[in-house]
Student: 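Quick one: the structure is below, and I'll ask about it shortly.
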Amino acid sequence: MSAAPAALPLSRGVLPRLAVSTPRTIGLLMAGLVALCLLWGAIGAWTADVHAAAATQVVRTREPLSLTARQMYQALSDADVTATTAFLTGPDESLAARQRYQHDISLAATRLSELQGAEATWAAGPAAASLATVAASLPVYHAYVAQAQSDYAFGFESTGSGFLTEASEVMHLTLLPAARRIYADTNARLTASSAAAAGLPTVVITLALSVVLGWVLYRAQRWLSRRTRRIVNYGLLGASVALGIVAVWLVVSFAVGRADLNRAEAHGSVPVEALAQAAITVQRARGDQMLNLISRSGTSSFLGDFNTARRQTGPGAGSLLARAAAGSTSSGAVRALAAADSEAHGWYQLGEHVFTLDSQNRYTQETNLVIGSGPGSSAAGFSRLQRDLSAAITADQANFAASANRGAGALTGLSAAFAIAALFMAAGCAWGLSRRLAEYR
């Protein structure tokens, strides 16, 4: 009987405090959950935007710029080979050769203009300086070639040869190195954008926050069921379902997009880069043949450069053609690469014979073999090899575009989904907890 009076003050003190603290806790819980849902939505939408923007940049900006830079480089290199070939054939330059040279110069100028139009991409970096170098040197090169053609047409072979040599120096010492730097820069930017689109850190953070928010929602529902004797809070349940749906959407869309973007790089841009370098290297080797004919200096530097180009191009382990074959998966690229392997092997063997003729002072046979139009000539083999490389590049580029577009498409709508889900979840938490809160009023 003596313990009863002590129990009465306890019940009178504790129960009012519980009555006051529970609504306060529910109110704090509601504010915290609403804030957490909105924070989750903001971070998730930002994550989706970052990856979608990077994927879109790969498709719409980086890859087209890389293609433009490569086309400019190849047009410059082909113009040099074409002009030198025309010079060697004599004063009666063919209309086809002149048209090809003019087309190369026009294409190079057009691609230069397109690259300059994307000046926001370059800012004040090294590529901007290289663009300025190409813009300043291209007219100089063209003027030297025009003067060489004019002098040679009037029979001034020695002065024409001098102007052509000057043109070749501008091309090989200034224009091509600058164009190569521009291409390397655009290719590096393409790789960086692909890496950003397929990167993991921000996605992992968003998923970790999703797990934390899911755990908080679960704990809140357990606490409410014990405190208010309600088994289900439909507002919190709806928020939990929305969270799960968007989290799964993020995982699936990112996994699909990342796989497609990685496929675009591994089976698109990587073999294209190797094939482009192979085409450029073959053009350089062809230029070495031409310059050796013009100079007649007896130097072994042209042969050394030619053999270096041969090792770099392939076929053979570690060569550019081998790298391209390892990444190419489309049937068109595989067929073109098989043909390019065969053509490269035969063309470089023929080139070795050309330099042997030069060392034996058999200049007439050497000249006929280098600039002749027959199917067994170096010129014909060069054209076939370039055709096969271009076909492989086209097929791999189509493979890249298809995979990259799928990767960018997989991320479409994810940012909006996060925003809508966050608002729905915040509203669900506010509604579900406000109903419990109203029961104490």
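Atom set for the values below is all heavy atoms of this structure, side chains included, hydrogens, waters and symmetry mates excluded. These figures come from a predicted structure and were not determined experimentally.
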Student: Side chains of Ser328 and Asp396 only: does a donor on one sit below 3.5 Å from an acceptor on the other?
Tutor: yes
Student: Please tell me whether Ser240 and Tyr218 have a donor and an acceptor in their side chains that are separated by less than 3.5 angstrom.
Tutor: no
Student: For Phe355, look at atom CZ and say whether over 12 heavy atoms of other residues, nucleotides or ligands are found less than 6.0 Å away.
Tutor: yes
Student: Do you see a donor-acceptor pair shorter than 3.5 Å between the side chains of Thr47 and Thr206?
Tutor: yes
Student: Determine whether the aromatic ring centres of residues His142 and Tyr101 are separated by less than 6.0 angstrom.
Tutor: yes
Student: Determine whether Gln312 and Arg284 make a side-chain contact, defined as any pair of heavy atoms from C-beta on separated by less than 4.5 Å.
Tutor: yes
Student: Between the side chains of Gln360 and Glu366, does any donor sit under 3.5 Å from an acceptor?
Tutor: no
Student: Under a 3.5 Å threshold, yes or no: a donor from one side chain and an acceptor from the other, between Gln283 and Arg286?
Tutor: no
Student: Can I get a per-line list of side-chain donor-acceptor pairs under 3.5 Å for residues 241-259, giving both atom names and the distance, sequence neighbours left out?
Tutor:
{"unit_1": "Ser253", "atom_1": "OG", "unit_2": "Trp249", "atom_2": "O", "d": "2.8"}
{"unit_1": "Ser253", "atom_1": "OG", "unit_2": "Leu250", "atom_2": "O", "d": "3.4"}
{"unit_1": "Arg258", "atom_1": "NE", "unit_2": "Ala198", "atom_2": "O", "d": "2.6"}

Student: Does Trp40 have its ring centroid less than 6.0 Å away from the ring centroid of Phe418?
Tutor: yes
Student: Side chains of Asp49 and Ser415: do they bring a donor and an acceptor to under 3.5 Å?
Tutor: yes
Student: Say whether Ser194 and Glu265, considering side chains only, have a donor N or O and an acceptor N or O under 3.5 Å apart.
Tutor: no
Student: Under a 3.5 Å threshold, yes or no: a donor from one side chain and an acceptor from the other, between Gln277 and Arg180?
Tutor: no
Student: Between Arg387 and Ser390, do the side chains contain a donor N or O and an acceptor N or O under 3.5 Å apart?
Tutor: no
Student: Are Gln147 and Glu166 close enough, and set up right, to give a side chain to side chain contact (heavy atoms under 4.5 Å, CB included), and what steps lead you there?
Tutor: CA-CA 11 Å; Gln147 188 62 53; Glu166 292 289 339; over 6 Å; no
Student: Classify the side-chain pair Arg111/Gln74 by whether it contains a donor and acceptor separated by less than 3.5 Å.
Tutor: no
Student: Any salt bridge linking Glu352 with Arg310? Criterion: basic side-chain nitrogen under 4.0 Å from a carboxylate oxygen.
Tutor: yes
Student: For the NE2 atom on His172, are there more than 12 heavy atoms of other groups (residues, nucleotides or ligands in this structure) within a distance under 6.0 Å?
Tutor: yes
Student: Could you check whether any side-chain heavy atom of Arg219 comes within less than 4.5 Å of a side-chain heavy atom of Val216, counting everything from C-beta outward?
Tutor: no
